[in-house]
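Keep in mind that what you see is a predicted model, and the values were worked out from it rather than measured. Below, chains carry the letters A, B, ... as their sequence lines are ordered, and counting in each starts from 1.
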2 protein chains.
Amino acid sequence: MTIEGRMASIHEPRMHSMCGHDPQEAEMFRSILSRIGDKWSVMLVGMLHEGPLRFTELKQMTSGISAKMLAHTLRQLERDGLVEREIFAEIPPRVVYRSTPLGKSLAVPIMAVAEWASAHQAEIAGNRDRYDAVPDSGA
Amino acid sequence: MTIEGRMASIHEPRMHSMCGHDPQEAEMFRSILSRIGDKWSVMLVGMLHEGPLRFTELKQMTSGISAKMLAHTLRQLERDGLVEREIFAEIPPRVVYRSTPLGKSLAVPIMAVAEWASAHQAEIAGNRDRYDAVPDSGA
DNA sequence: CGGTATCCCAGCTGATACTG
DNA sequence: CAGTATCAGCTGGGATACCG
């Protein structure tokens, strides 16, 4: 093994070592990634990272989401321990969602990915257009 | 606004400002996130970040993936400009996939998320078990 | 080896209507 | 306000068979 190889193995995380172990761990790993990547989770974690919000506020900020999916996604995030739900016994009812410490810790790498997506969306849109326009690269 | 609040607004990215602008940009943003979060993309980007691999190697390393989904996911990543495909006109055929600079740039935040997932999988598994076991938090 | 074509089902998602 | 219930459509993704 080269010096560079050894240094890489010390400093850089390796994807293979994260998901290759046993099938159960790999499934857990993937289930977390797919939770992160589903249609609304990232956006909701990002929203709640900035402060607690109620159901309707989240619905208004997250344009396009239906009440059903908002409730469903929040239940998933709550199940994973990423958000907390607080119900106020009032009329009209008030429910506030807030990020847990675990949720906040996820928000850090999440926001890095979101920043990447934001920074490269024009480039990716261009790549997609070029790919879709050309039947194959050589012709 | 507090000092902390002002510093946060300068230094921290805000999710709302990334996806709230116009619907088209928001859709692009979400399409990138869902690409990142789909069942296999993250794993493949991670694998290829460590070096070029051929189709069969990827298939073997990424346990559980079908040929169909491997091909499909690689096409998507190629379309986005995240991976490159090189075909060698040999018998038997050989096709090598490698990460592009754009793909490598994505690998950085991707690996951070993957590390987070790896580090917290036990905690999340525990949270899920507890959530599933208890009908409601008070009872 | 490195795919594609086809079939098929589970589950995600939206729309609508209803409730405490 | 903050949901749930139900129906229905679409898509993701696996199994299998086949091709260059």
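Closest heavy-atom contact between A:Met15 and B:Glu50: N-OE2, 2.7 Å.
Distance, B:Glu86 CD to C:dG2 C1': 15 Å, rounded to whole Å. Taking atom CD1 of A:Ile87 as the reference point, atom C1' of D:dG3 lies 11 Å away to the nearest angstrom. Atoms CG (B:Asp38) and P (D:dG13) sit 6 Å apart, rounded to a whole Å. The distance between atom CD of B:Glu27 and atom C1' of C:dT13, rounded to the nearest whole Å, is 15 Å. D:dG3 atom P lies 14 Å from atom CD of A:Gln60, rounded to whole Å. In this structure, the CG atom of B:Leu70 is 16 Å from the C1' atom of D:dA15, given to the nearest Å. We find that CD1 of B:Ile91 is positioned 13 Å from P of C:dC1, with the value rounded to whole Å. C:dG2 atom P lies 10 Å from atom CD of B:Glu90, rounded to whole Å.
Contact check, B:Arg30 against C:dT13: no side-chain N or O comes under 4.0 Å of OP1 or OP2. In this structure, B:Arg94 does not reach the C:dG2 phosphate: none of its side-chain N or O atoms is under 4.0 Å from OP1 or OP2.
For the pair A:Lys59 (side chain) and A:Leu70 (backbone), a donor-acceptor distance under 3.5 Å is absent.
More than 12 heavy-atom neighbours from other residues, nucleotides or ligands sit within 6.0 angstrom of CD on B:Glu115.
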Show each protein N/O and nucleotides 14-18 of chain C N/O combination with a separation under 3.5 Å, one pair to a line.
residue	atom	partner	partner atom	Å
C:dG14	OP1	A:Lys39	NZ	3.1
C:dG14	N7	A:Lys68	NZ	3.4
C:dG14	O6	A:Lys68	NZ	2.2

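The side chain of B:Pro93 lies closest to D:dG20, out of D:dG20, C:dG3, D:dA2. Considering only the side chain of A:Ala67, D:dG3 comes nearest among C:dG2, D:dG3, D:dC1.
The shortest side-chain heavy-atom distance between A:Met69 and A:Lys39 does not fall under the 4.5 Å cut-off. Under the 4.5 Å side-chain criterion, counting only non-hydrogen atoms from C-beta, A:Glu84 is not in contact with A:Tyr97.
Ion pairing between a basic and an acidic side chain is recognised when a charged N comes within 4.0 Å of a carboxylate O; B:Glu86 and B:Arg98 show such pairing. Salt bridge annotation for B:Arg75-B:Glu78: present, with a cationic side-chain nitrogen under 4.0 angstrom from a carboxylate oxygen. By the 4.0 Å N-to-carboxylate-O rule, A:Arg30 lies too far from A:Glu27 to be salt-bridged with it.
Only A:Ala71, A:Arg75, listed by number, bring a heavy atom of residues 71-80 of chain A to less than 4.0 angstrom from any atom of DNA chain D.
Contacts of A:Tyr97 with the nucleic acid, taken as non-hydrogen atoms under 4.0 Å apart, involve only primed sugar atoms and P, OP1 or OP2.
Partner of B:Met43 under the side-chain contact (heavy atoms from CB on, under 4.5 Å) criterion, out of B:Leu58, B:Thr62, B:Ile65: B:Thr62 alone.
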